[in-house]
Colleague: 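Could you have a look at this structure, given as structure tokens, before my questions?
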Amino acid sequence: MQESLLQQGLDITLYGMGIVFTFLLVLVICTTIMSRVVTRLFPEAEPVAASPVSTPASGAAGDLRLRKIIQAAIEQHRNRRR
Amino acid sequence: MQESLLQQGLDITLYGMGIVFTFLLVLVICTTIMSRVVTRLFPEAEPVAASPVSTPASGAAGDLRLRKIIQAAIEQHRNRRR
Amino acid sequence: MQESLLQQGLDITLYGMGIVFTFLLVLVICTTIMSRVVTRLFPEAEPVAASPVSTPASGAAGDLRLRKIIQAAIEQHRNRRR
Amino acid sequence: MEHITNLWLSSGAYKMSSGQFVMILVGLGLLFLAIRKNFEPLLLVPIGFGGILANIPGANLAVPAVEAAMHSGDAGVLGQIAQALGLGGFESMQGLKAALESAPAAAYERAAQVAQDAGFSNGMLYNFYSVAIASGVAPLVIFMGVGAMTDFGPLLANPRTLFLGAAAQFGIFATVLGAVGMSAAGIMDFSIADAAAIGIIGGADGPTAIYVSSLLAPDLLGAIAVAAYSYMALVPLIQPPIMRALTTEQERKIEMVQLRVVSKREKIVFPLVLLILVALFLPDAAPLLGMFCFGNLMRESGVVNRLSDTAQNALINITTIFLGLSVGSKLAADKFLDPKTLGILALGIVAFAIGTATGVLMAKLLNAVSKTKINPLIGSAGVSAVPMAARVSNKLGLEANPHNFLLMHAMGPNVAGVIGSAVAAGVMITMVRAMTG
Amino acid sequence: MEHITNLWLSSGAYKMSSGQFVMILVGLGLLFLAIRKNFEPLLLVPIGFGGILANIPGANLAVPAVEAAMHSGDAGVLGQIAQALGLGGFESMQGLKAALESAPAAAYERAAQVAQDAGFSNGMLYNFYSVAIASGVAPLVIFMGVGAMTDFGPLLANPRTLFLGAAAQFGIFATVLGAVGMSAAGIMDFSIADAAAIGIIGGADGPTAIYVSSLLAPDLLGAIAVAAYSYMALVPLIQPPIMRALTTEQERKIEMVQLRVVSKREKIVFPLVLLILVALFLPDAAPLLGMFCFGNLMRESGVVNRLSDTAQNALINITTIFLGLSVGSKLAADKFLDPKTLGILALGIVAFAIGTATGVLMAKLLNAVSKTKINPLIGSAGVSAVPMAARVSNKLGLEANPHNFLLMHAMGPNVAGVIGSAVAAGVMITMVRAMTG
Amino acid sequence: MEHITNLWLSSGAYKMSSGQFVMILVGLGLLFLAIRKNFEPLLLVPIGFGGILANIPGANLAVPAVEAAMHSGDAGVLGQIAQALGLGGFESMQGLKAALESAPAAAYERAAQVAQDAGFSNGMLYNFYSVAIASGVAPLVIFMGVGAMTDFGPLLANPRTLFLGAAAQFGIFATVLGAVGMSAAGIMDFSIADAAAIGIIGGADGPTAIYVSSLLAPDLLGAIAVAAYSYMALVPLIQPPIMRALTTEQERKIEMVQLRVVSKREKIVFPLVLLILVALFLPDAAPLLGMFCFGNLMRESGVVNRLSDTAQNALINITTIFLGLSVGSKLAADKFLDPKTLGILALGIVAFAIGTATGVLMAKLLNAVSKTKINPLIGSAGVSAVPMAARVSNKLGLEANPHNFLLMHAMGPNVAGVIGSAVAAGVMITMVRAMTG
Ligand code: NA
Ligand code: NA
Ligand code: NA
């Protein structure tokens with residue numbers, strides 16, 4: 001049965017890798033279509049940036065972050081009161 | 001057995017509604033008595049307002065709320081240290 | 001069997017108390033050795049104080065504590081974002 | 001090639017039934033309502049998602065091991081299961097399913113052991129349902145959290161509003177009548193237990209509805225929960241026309257006297273008074289109202305803020321996630337796509353409408369017999385649907401009179417409605433058990 | 001009319017026994033102590049509330065399905081249960097209860113299946129108890145959280161204080177002797193397992209007491225837990241007179257040398273040293289001390305702050321809620337209203353007093369044999385009752401000498417007492433099992 | 001004296017086997033790596049600690065009641081267990097263990113009842129393992145939390161990176177081949193299920209590895225989880241040499257175009273698209289990817305922030321604690337100290353290396369066929385090991401070109417790798433079941 005075990009391993013490898021690729025290929029296609037449909041049919045006023053370059057928070061950014069933290073703390077507090 | 005089913009439904013409705021009213025009537029009575037007993041026998045120095053009219057927090061109220069938030073944050077922090 | 005019950009109680013008391021003492025004695029010895037080994041072989045640059053005298057937070061200490069609280073809040077906020 | 005075939009045969013696209021396809025669309029529809037229309041998203045996001053998961057063909061996420069084994073169609077396993085259930089052997093899937101459904105606990109256990117030995121295990125959502133809902137714990141924990149979030153101050157300042165919460169429960173019982181009427185007319189086939197579980201939709205309280213239907217009609221739980229939460233989200237659409245139709249402009253303008261100050265001590269004692277009354281008169285409402293009072297006592301006592309905070313946050317959130325997914329497991333096509341579901345949806349909206357109407361009418365009745373006037377708009381808040389219904393009362397009050405803030409006044413009947421429907425739940429459980437037991 | 005009669009017959013007011021009435025008052029009393037007097041409210045609020053719920057007549061919240069079925073009194077069901085338990089048939093409730101209690105697991109399972117088939121289900125509190133306490137998990141998770149909250153710094157700075165924690169455990173063993181003495185004298189009827197479980201009250205540590213009694217004497221768990229937490233709350237009343245009686249003014253004035261700085265590394269290694277010693281010498285203490293050390297390592301390692309925070313907050317709070325309600329389930333009248341409870345309450349306070357005394361005396365003994373003096377007031381902190389006992393030491397120290405801050409010094413024996421009583425628990429579990437085998 | 005002897009005989013020092021001693025050292029080693037070297041401490045602290053607890057001799061923390069009963073060696077109990085398992089009587093421990101392992105569910109249940117009647121109970125860690133891992137719930141809940149922490153923005157901005165995530169999964173399948181090759185060569189004795197479970201280490205994703213091995217090879221779970229998390233921690237050491245060897249200086253300098261802005265709506269719809277594809281094509285991946293998509297939808301929908309926060313904090317932390325301790329329970333000496341463990345450790349690192357290489361090579365292939373260039377350094381991030389692998393890509397990018405920030409670009413393949421290994425897991429589970437079922 002040793003060949004059989006090897007054969008099983010080979011089967012898993014070939015079909016497995018094939019299906020992973022096929023599935024992700026289908027996902028790439030569907031995602032691309034979905035993105036186009038969503039972007040064209042339902043354009044948004046306020047897009048959310050993917051923030052490509054994330055440098056360490058410098059002066060101004062730090063200030064902004066601090067403001068956000070305080071806002072978040074206040075929101076969190078209000079939510080807790082609910 | 002169709003009559004029986006209808007009869008059962010009618011029974012549930014009549015007795016059910018009766019008991020809901022009776023129970024809440026008893027609760028109204030007990031609550032009223034309880035409130036009087038508590039208010040007369042154990043008057044409190046610092047009553048808690050039921051804050052009847054809740055307008056959106058305006059200037060001063062916002063300040064007060066902010067102070068409370070900060071206090072709460074500090075308390076929360078201390079509790080966590082415990 | 002009453003004597004037996006009494007005897008059992010006595011056994012638990014004598015052996016129990018003995019083992020509690022023996023175990024904690026061993027723990028004292030091991031802890032002392034451990035502390036010496038750690039302190040000598042791996043001296044630390046930044047030791048952590050056991051804060052022996054804990055008076056109620058006075059002025060300066062309060063400031064320090066507040067600073068710590070704000071730091072903790074910011075850290076907590078950052079962690080949540082992770 | 002055989003493997004490709006196997007994978008295709010085990011794929012969802014191959015196995016999907018039209019029912020499952022429809023239910024996946026229903027799940028997506030619930031998600032749309034929750035996310036875009038903000039329909040009770042805390043529950044409908046997990047329910048909708050769970051509904052999709054429950055209908056993934058071949059994944060068996062919502063069924064126990066023994067049903068997964070039956071779906072596999074392996075002849076040997078089917079025969080063993082049939083024997084475990086006391087049948088001579090496997091004859092038809094229908095027959096086996098019927099035998100499983102009516103099997104006594106010991107036989108079911110044996111069948112489950114057969115499935116386990118054959119390598120099958122319970123689906124993820126089935127496990128969630130067993131732990132969270134079948135045991136009764138999740139709705140109770142949510143009720144505890146709701147108790148810890150509830151301020152009985154407005155109710156204590158004006159205890160009369162409890163009558164509004166009582167009156168609005170007529171929606172529940174009218175629906176029970178409607179359901180048995182439908183059965184009597186031969187349109188539907190609801191048992192008395194089904195009718196009671198459907199009626200509770202009119203309670204406008206999610207955990208109560210789930211708790212009652214898990215006890216009385218587990219098969220209908222999915223439809224009942226979906227109806228309850230959907231209509232709660234629709235309260236701003238359902239209630240206003242009824243409220244306007246039943247009140248005059250003059251009545252809607254009534255300004256109510258400012259609520260008296262309620263002391264901390266009254267707030268601490270109230271949940272205990274309610275608990276004692278439940279203990280004395282309604283033991284079957286004890287789990288629901290007991291946990292509710294416990295949550296409220298933790299809140300008001302002021303000495304266990306750690307526990308109260310956790311009950312209002314981490315614990316209720318965790319429970320909500322699993323409760324929602326578990327309810328979703330009852331959206332499996334073979335259970336949900338049934339004419340009964342349409343009946344439930346139809347009866348549910350009637351229940352809300354009637355409860356709204358009787359709440360408003362009770363307020364008018366109270367005005368007729370009492371000197372201190374109540375704005376009848378707060379009567380509709382008696383259906384519960386906290387805090388949506390109270391906000392609707394407030395909004396209509398402001399429309400009629402820009403200085404008329406009814407929110408706090410409407411919170412009284414609103415929380416009274418929670419108590420009222422829990423009481424109604426207790427009564428119905430007792431009576432249905434006596435009738436069917 | 002029949003329905004009204006049914007509802008009245010199923011109401012609590014009709015069914016309530018005098019024992020249940022008394023226990024509801026006891027529950028309200030515990031809530032009063034917790035809320036007004038601040039007696040360990042985190043535990044006594046849920047315990048007291050759970051105690052009331054457990055005594056709601058007819059609600060069967062604290063019993064399993066099979067006992068609920070027995071309470072229903074249905075002749076057919078009783079007969080089937082009797083047969084499942086291997087009796088010829090139902091003869092008397094007494095006999096059936098005895099058979100159920102002594103039933104082997106397989107027979108109990110069969111009886112439970114009968115009850116399930118007859119439509120009965122486990123009570124809510126019974127389910128909580130099974131999951132939280134019978135499995136042992138809740139006390140262990142709380143111990144983990146306590147470990148994550150414990151700073152061993154003061155103990156590491158002065159390891160000798162471990163002896164104070166050891167000496168104070170004499171309260172445990174003296175109580176064991178007291179309990180068997182009472183039995184020998186015929187006043188009470190405690191088995192050796194009962195005596196050991198009662199003794200652990202003297203450990204002044206809630207989760208340890210619950211863990212040990214869930215293993216050795218589940219029937220006494222309610223009384224033992226209530227005694228343990230009540231007396232922990234009473235530490236500021238119980239300890240001072242004993243401490244004053246056993247020390248001179250001069251001794252109480254002793255100022256202790258400032259504690260040395262303890263490095264982070266020592267704090268990380270200490271829980272591992274303790275764990276290894278437990279592994280080598282006391283496997284039966286491994287669950288308790290293992291989880292305690294795990295919590296402490298999470299705290300001190302500094303690399304898993306997320307987990308440590310959760311163990312100290314959400315997780316311990318959730319567990320406390322269910323632990324408390326579960327303990328409350330053991331306050332059902334038929335178990336709690338027993339002469340044994342009085343014996344337990346009497347023995348418990350003696351245990352606290354003796355532990356306090358031996359802790360102080362050990363401190364004096366250490367002074368007699370050592371150069372570096374210890375203020376004997378910190379000896380009493382060895383009973384654990386963290387951090388109450390350490391605060392009492394500090395308060396009495398300040399009374400004698402306004403510059404004498406003993407709090408940090410007393411934290412050493414205080415946490416040593418936790419270790420000591422967990423060790424004592426392990427020893428007793430091992431020995432009792434060997435004896436009852 | 002007898003008691004001292006008993007206590008000594010029941011002490012760990014007396015009973016400890018050399019295997020347990022070694023495993024306690026291994027546990028300490030894992031703690032050292034976690035705390036000092038910061039090796040995935042969130043998992044390795046609980047795993048290491050659980051491993052020590054599981055090897056405390058005589059404490060039986062990691063075994064069920066029936067194995068504890070067998071360890072006790074009581075002749076009467078052994079005989080009863082043998083009979084419950086259908087043997088004539090007790091002959092050898094070996095024989096009894098074999099019978100227990102192959103016992104059908106009903107016989108196992110009977111044996112467990114014998115142990116319960118004899119006073120034995122399940123070990124703490126065994127209970128944790130049953131609830132957290134054997135049921136499958138803990139890895140799924142962690143996956144939900146990871147989903148709620150994942151931002152698919154970078155992936156949606158550049159969907160081609162999904163191919164990198166696919167390519168890197170070749171590490172998984174190469175390892176499967178390696179494992180069956182070892183078996184064929186007679187070096188090891190791995191079944192096809194073992195090989196598949198070992199392969200998943202190459203997925204570089206902890207919960208996926210634990211989920212798959214709990215289904216396919218529970219006995220190897222300890223070694224597989226330790227290998228997966230250790231190698232994930234070693235990513236900064238394992239990957240760079242491979243990445244440098246397979247890329248030219250010029251390729252490493254490639255700057256990538258700034259990612260396009262991704263709208264909120266795309267982010268909401270993406271998890272639903274993924275879910276639908278899973279439902280259609282890969283039902284066996286539905287539990288893992290379903291929970292992942294659910295977590296992500298909670299995050300992106302923006303209407304259930306309460307639930308999303310809890311899934312990312314309290315819930316995932318609680319689950320991590322119990323998951324880690326449960327994995328630790330599989331570090332018991334008799335299971336872990338096996339030549340297979342060495343094989344698993346060897347194969348695991350090969351899996352990581354191959355996955356890294358194929359990810360980089362796929363990036364170069366994409367560059368060969370496409371106009372828009374990809375920096376091949378982000379290919380290695382396709383193994384997942386979020387976010388470590390992406391950081392490694394970023395670091396090597398900065399080395400080659402100080403203005404080259406690859407972090408966000410590498411997050412695309414990084415999360416694609418999570419999806420890829422969950423897909424691979426689903427495929428392998430389906431295929432192995434078809435082969436062995
Ligand atoms: Na209601
Ligand atoms: Na103690
Ligand atoms: Na991966």
Side-chain angles (χ1 to χ4, degrees), chain C residues 1-58 71-82, chain E residues 151 153-157 159-160 162-163 165-167 169-170 172-174 176-177 179-181 183-184 186 190-192 195-196 199 258-267 269-270 273-274 276-278 281-282 305-306 309 405 407-409 416 419-421 423-424 426-428 431-432 435:
Chain C
M1 295 294 285
Q2 299 266 305
E3 286 139 315
S4 160
L5 184 67
L6 267 184
Q7 187 59 48
Q8 287 178 331
L10 218 62
D11 281 1
I12 285 187
T13 303
L14 291 181
Y15 293 103
M17 208 57 212
I19 285 162
V20 168
F21 258 106
T22 315
F23 187 87
L24 293 194
L25 173 64
V26 174
L27 184 57
V28 169
I29 295 169
C30 292
T31 302
T32 311
I33 295 172
M34 179 275 285
S35 283
R36 286 209 190 143
V37 169
V38 167
T39 312
R40 291 208 189 152
L41 298 192
F42 312 98
E44 256 180 354
E46 9 77 282
V48 176
S51 62
V53 188
S54 83
T55 49
S58 56
Q71 280 177 355
I74 291 172
E75 247 172 75
Q76 187 191 345
H77 180 71
R78 280 187 190 145
N79 287 342
R80 183 157 309 148
R81 285 292 125 120
R82 250 189 284 158
Chain E
D151 177 6
L155 180 72
L156 288 167
R160 279 191 309 162
L162 277 164
F163 290 120
Q169 307 315 316
F170 187 66
I172 293 179
F173 296 105
V176 174
L177 276 187
V180 300
S183 282
F190 294 128
S191 70
I192 188 67
Q258 192 171 316
L259 290 173
R260 78 169 173 88
V261 160
V262 173
S263 74
K264 193 84 199 135
R265 283 213 182 117
E266 287 172 77
K267 290 187 178 181
V269 176
F270 177 74
V273 168
L274 178 52
I276 299 296
L277 290 179
V278 167
F281 301 117
L282 275 176
N305 290 336
R306 278 178 76 105
D309 279 357
F405 295 100
L407 190 65
M408 270 299 141
H409 297 283
I419 299 174
S421 40
V423 171
V427 174
M428 292 206 299
M431 292 187 73
V432 168
M435 285 166 177

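To find a chain, count down the sequence lines: A is the first, B the second, and so on, and within it residues start at 1. Heavy atoms only: backbone and side chains are in, while hydrogens, waters and symmetry mates are out.
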Colleague: Let me confirm one number: the CE-CD1 distance from E:Met428 to C:Ile12, rounded to the nearest 0.5 Å.
Modeller: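 Output value for this atom pair is 7.0 Å.
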Colleague: Give me the atom names and distance for the closest heavy-atom approach of E:Gln169 to C:Val20.
Modeller: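 What the structure gives for the nearest pair is CG-CG1, 4.2 Å.
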Colleague: Which atom names give the shortest non-hydrogen contact between E:Met435 and C:Asp11, and what distance separates them?
Modeller: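 Of all heavy-atom pairs spanning E:Met435 and C:Asp11, the closest is CE-CB, 4.0 Å.
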Colleague: Of all of C:Leu10, C:Thr13, C:Leu25, which one pairs up most often with chain E through heavy atoms under 4.5 Å apart?
Modeller: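 Option with the top pair count is C:Thr13.
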Colleague: Check E:Ser183 against C:Leu5 and note the closest heavy-atom contact, atom names and distance.
Modeller: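 It is CB-CD2, 3.4 Å.
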Colleague: Looking at E:Val269, E:Val180, E:Ile276, which has the largest count of heavy-atom pairs under 4.5 Å with chain C?
Modeller: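 Counting heavy-atom pairs under 4.5 Å, the top option is E:Val180.
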Colleague: With E:Leu277 as reference, evaluate C:Val26, C:Thr31, C:Leu24 under the side-chain contact (heavy atoms from CB on, under 4.5 Å) test and give the passing residue.
Modeller: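 The single option meeting the side-chain contact (heavy atoms from CB on, under 4.5 Å) with E:Leu277 is C:Val26.
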Colleague: Shortest non-hydrogen contact from C:Cys30 to E:Val273?
Modeller: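 Distance-wise, the nearest heavy atoms are CB-CG1, 3.9 Å.
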Colleague: At a 4.5 Å cut-off on heavy atoms, which part of E:Ile419 comes close to chain C: side chain, backbone, both, or neither?
Modeller: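 Only the side chain of E:Ile419 comes within 4.5 Å of chain C.
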Colleague: Are the side chains of E:Val423 and C:Phe21 in touch, meaning some heavy atoms are under 4.5 Å apart?
Modeller: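 Not touching, per the 4.5 Å side-chain cut-off.
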Colleague: Given that the side chain runs from C-beta out, which part of E:Ser191 has a heavy atom under 4.5 Å from chain C: side chain, backbone, both or neither?
Modeller: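 The backbone, not the side chain.
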Colleague: In terms of heavy-atom proximity below 4.5 Å to chain E, should C:Met17 be classed as side chain, backbone, both, or neither?
Modeller: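 C:Met17 touches chain E through backbone and side-chain heavy atoms alike.
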Colleague: Evaluate the side-chain proximity of E:Arg260 to C:Ser35: yes if any heavy-atom separation is below 4.5 Å, no if none is.
Modeller: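 Yes, their side chains come closer than 4.5 Å.
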Colleague: Do C:Val28 and E:Phe163 have side chains that approach each other closer than 4.5 Å (heavy atoms only, starting at C-beta)?
Modeller: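 Yes, at least one pair of side-chain atoms sits under 4.5 Å.
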Colleague: Between C:Phe23 and E:Val278, is any pair of side-chain heavy atoms under 4.5 Å apart?
Modeller: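 In contact.
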Colleague: Between E:Ala179 and chain C, with a heavy-atom cut-off of 4.5 Å, which part of the residue counts as in contact: side chain, backbone, both or neither?
Modeller: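 Neither part, no heavy atoms under 4.5 Å.
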Colleague: So what's closer than 4.5 Å to chain C heavy atoms on E:Ala195: side chain, backbone, both or neither?
Modeller: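 For E:Ala195, neither part sits under 4.5 Å from chain C.
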Colleague: So do the side chains of E:Phe173 and C:Leu14 get within less than 4.5 Å of each other, counting heavy atoms only?
Modeller: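 They are not in side-chain contact.
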Colleague: Which pair of non-hydrogen atoms, one from E:Ser263 and one from C:Val38, has the smallest distance, and what is that distance?
Modeller: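 Minimum heavy-atom separation between E:Ser263 and C:Val38: OG-CG1, 4.1 Å.
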